[in-house]
Amino acid sequence: MKTAALALPDHFAWHRTDAGHDLCVGGMTVAQVHGQQDEFVLRILVDMGDIAPFDMAIRCEERAVAWVTQWACQRAGLLDRYATRQR
């Protein structure tokens with residue numbers, strides 16, 4: 001997970017929870033990766049403009065975290081605006 005975290009802007013951070021991992025932007029949770037039976041579910045929580053909430057199952061926790069990290073990096077500006085609006 002350390003490699004994925006390095007690609008994120010400074011104000012983006014992964015936090016370990018009892019259920020898995022939460023990706024936060026400026027303290028606002030925008031995505032989650034949680035274990036569910038034999039797979040991991042990544043959940044996007046953002047509902048803004050061209051981004052809508054969705055869930056996706058992936059078999060590997062590291063791949064789920066990497067997928068969300070790449071997704072967030074590609075949408076960093078939108079996610080910054082979303083976090084600012086939610087505060």
Side-chain angles (χ1 to χ4, degrees):
M1 185 150 126
K2 198 169 199 140
T3 304
L6 292 175
L8 291 167
D10 291 338
H11 54 287
F12 286 59
W14 280 105
H15 298 284
R16 184 82 171 125
T17 67
D18 291 338
H21 306 280
D22 289 353
L23 177 61
C24 298
V25 177
M28 174 66 61
T29 302
V30 296
Q32 301 172 321
V33 173
H34 295 196
Q36 184 175 329
Q37 294 177 339
D38 294 344
E39 59 192 13
F40 292 86
V41 174
L42 67 86
R43 176 169 288 144
I44 302 301
L45 305 173
V46 178
D47 190 1
M48 177 185 154
D50 292 337
I51 304 174
F54 68 91
D55 295 353
M56 184 167 56
I58 297 180
R59 291 184 190 241
C60 175
E61 182 179 30
E62 288 181 6
R63 286 185 183 174
V65 169
W67 191 97
V68 174
T69 299
Q70 181 178 3
W71 175 90
C73 286
Q74 292 171 348
R75 293 159 181 82
L78 286 172
L79 295 174
D80 283 334
R81 288 191 292 279
Y82 174 80
T84 299
R85 289 182 186 175
Q86 297 302 310
R87 281 187 236 135

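Listed for the R75 side chain is a donor-acceptor partner under 3.5 Å among the backbone atoms of W71.
We find the CD-OG1 distance between Q86 and T29 to be 11.0 Å, quoted to the nearest 0.5 Å. How far CZ of R16 is from NE2 of H21: 4.0 Å, rounded to the nearest 0.5 Å. Interatomic distance, CD of E61 versus NE2 of H34, reported as 10.0 Å (0.5 Å rounding). Atom CZ of R85 is separated from atom CE of M48 by 4.0 Å, given to the nearest 0.5 angstrom. Once rounded to the nearest 0.5 Å, the distance linking CE of M28 with NE2 of H11 reads 13.0 Å. Distance check: F54 CZ to D47 CG gives 12.0 Å after rounding to the nearest 0.5 Å.
Other residues, nucleotides and ligands contribute at most 12 non-hydrogen atoms within 6.0 Å of the CD atom of Q37.
With sequence neighbours left out, R43 forms a salt bridge (charged side-chain N to carboxylate O under 4.0 Å, His left out) with D55.
Of all the heavy atoms in F40 and G35, the pair that sits closest is CD2-CA, 3.5 Å. Nearest heavy-atom pair across I44 and A52 is CG2-O, 4.4 Å.
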Residue pair T69, W14: steps toward the side-chain contact (heavy atoms from CB on, under 4.5 Å) verdict: CA-CA 9 Å; T69 299; W14 280 105; 3.1 Å; yes
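Note: the hydrophobic cluster containing V30 also contains I51 (ILVMFWY, side chain heavy atoms under 4.5 Å, direct or indirect links).
A side-chain contact (heavy atoms from CB on, under 4.5 Å) with M56 holds for exactly one of V41, L42, V68; it is L42. No option in L78, L79, V25 other than L79 meets the side-chain contact (heavy atoms from CB on, under 4.5 Å) test with V46.
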